[in-house]
Every structure is written in C-alpha cells, then in structure tokens.
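Values in this document were obtained by computation on a predicted structure and should not be read as measured data. The figures here come from the full heavy-atom set of this structure, side chains too, leaving out hydrogens, waters and symmetry mates. Along the sequence shown, residues are numbered consecutively beginning with 1.
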Amino acid sequence: QVLLVESGGGLVQTGGSLRLSCVASIRTFSRYTMGWFRQAPGKERRFVAAITGSGIGTSFADSVKGRFTISRDNARNTVYLQMNSLEPADTAVYYCAAKESNIILTTSREYSSWGQGTQVTVSS
C-alpha cells in the first residue's frame, strides 16, 4: 500500500511563495510518476504539475507555468512543488498523487494513490 503525506501548506499573501513536500512510502519510488493536483471549494480537482520517475520529464498546467516548479529527491522518496508569485486563484487543497509509470500523467483518473491534501490559502 502506498502512503503519501503532504506538508508545507499555509497562509501566504499575494506574491508570496510556498514549497509543498510529499513523502511517499514506496520502495521503488523512482519508478513512479508523481503529480500535484488542487481542488478549490465547489470545483473539480485539477492538474497542477507532474514529474517522471527520473525527474527529467515535467509538465505544468498553463495557469502555473513560469510560477511553479516540480522536483523530486529519489533518495528521500520526496516530491516538491515550489510555488512562487502566488495569487488568490491558487487557493485550494493541494494533493500529491502517485502512479507506477514511465510517462507523464496529467489526469486524476490515471493516478492510483493519493495523499490527504494540504491547504494553501493566498490572501489578497
């Protein structure tokens, strides 16, 4: 069973930064594509970013390109989401997801394991 634990959320002002972390209990972490999704109140869960097991392949939603970066440390079984120039529209619960794969995955139905989420609130 895969366990994903997110951390790093919080309250930040517009223009601020946060770094989310997700630690995975996966023995073969480098075989997993990792993704970040977010869900705002009353809205569907949406793709934010993903990274392949090697860390070479990445993908971002258009709304976060140039502001967010995704990275991973396979030695620590951890994936990160660095969020800069935050806007109120970024306010949501952010979820980490995992799927054993060697390609980028950008839809929620493609992922098999999910974390419990961490709240990010950006004040104007």
Please tabulate, for side-chain N and O atoms in residues 12-20, each donor-acceptor pair with protein atoms closer than 3.5 Å (sequence neighbours left out).
| unit_1 | atom_1 | unit_2 | atom_2 | d |
| --- | --- | --- | --- | --- |
| Thr14 | OG1 | Ser123 | O | 2.8 |
| Ser17 | OG | Asn84 | OD1 | 2.9 |

Distance-only criterion, 3.5 Å: show the donor-acceptor pairs between side-chain atoms of residues 21-31 and protein atoms not counting sequence neighbours.
| unit_1 | atom_1 | unit_2 | atom_2 | d |
| --- | --- | --- | --- | --- |
| Ser25 | OG | Leu3 | N | 2.8 |
| Ser25 | OG | Leu3 | O | 3.2 |

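In this structure a side-chain-to-backbone donor-acceptor pair under 3.5 Å is present from Thr78 to Arg76. Listed for the Thr118 side chain is a donor-acceptor partner under 3.5 Å among the backbone atoms of Gly9. Here the side chain of Glu6 pairs a donor or acceptor atom with the backbone of Gln116 at under 3.5 angstrom. Judged purely by atom type and a 3.5 angstrom limit, Glu100 has no side-chain atom pairing as donor or acceptor with the backbone of Tyr32. A donor-acceptor distance shorter than 3.5 angstrom exists from the side chain of Thr52 to the backbone of Gly57, with no hydrogens or angles considered.
Both Leu4 and Val79 are assigned to one and the same hydrophobic cluster, defined by single-linkage of ILVMFWY side chains at heavy-atom distances under 4.5 Å. Cluster annotation: Phe68 and Phe37 are assigned to distinct hydrophobic clusters (Ile/Leu/Val/Met/Phe/Trp/Tyr, side-chain heavy-atom contacts under 4.5 Å, transitive). Criterion: ILVMFWY side-chain heavy atoms under 4.5 Å apart, direct or through other members. Under it, Ile51 and Tyr80 are not part of a common hydrophobic cluster. Leu86 is connected to Trp36 through a chain of hydrophobic side-chain contacts under 4.5 Å among Ile, Leu, Val, Met, Phe, Trp and Tyr, so both are in one cluster. If you chain together hydrophobic residues whose side chains sit under 4.5 Å apart, Trp114 and Leu81 never meet in one group.
Between Cys96 and Met34 the shortest side-chain heavy-atom distance falls below 4.5 Å. With contacts defined as side-chain heavy-atom distances shorter than 4.5 Å, the pair Thr107/Phe47 does not qualify. Side-chain atoms of Glu87 and Arg67, non-hydrogen and from C-beta on, do get closer than 4.5 Å to each other. Side-chain atoms of Arg72 and Asn77, non-hydrogen and from C-beta on, never get closer than 4.5 Å to each other.
Between Thr58 and Gly55, the shortest heavy-atom contact is CG2-O, 4.3 Å. Closest of all the heavy-atom pairs between Asp90 and Ser85 is OD2-O, 4.4 Å.
Cation-pi check for Arg45 over Tyr95 is met; the charged atom lies under 6.0 angstrom from the ring centroid and within 45 degrees of its normal.
With rounding to the nearest 0.5 angstrom, the OH atom of Tyr94 is 12.0 Å from the CD atom of Gln39. Taking NZ of Lys65 as the reference point, atom OG1 of Thr69 lies at 14.5 Å (rounded to 0.5 Å). The distance from atom OG1 of Thr121 to atom CG of Leu11, rounded to the nearest 0.5 Å, is 6.0 Å.
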Evaluate side chain to side chain contact (heavy atoms under 4.5 Å, CB included) for Met83 paired with Val122, printing each intermediate quantity in order. CA-CA 11 Å; Met83 306 185 295; Val122 184; over 6 Å; no
Using side chain to side chain contact (heavy atoms under 4.5 Å, CB included), reason through Val48 and Phe60 one step at a time and then give a plain yes or no. CA-CA 6 Å; Val48 175; Phe60 297 91; 6.0 Å; no
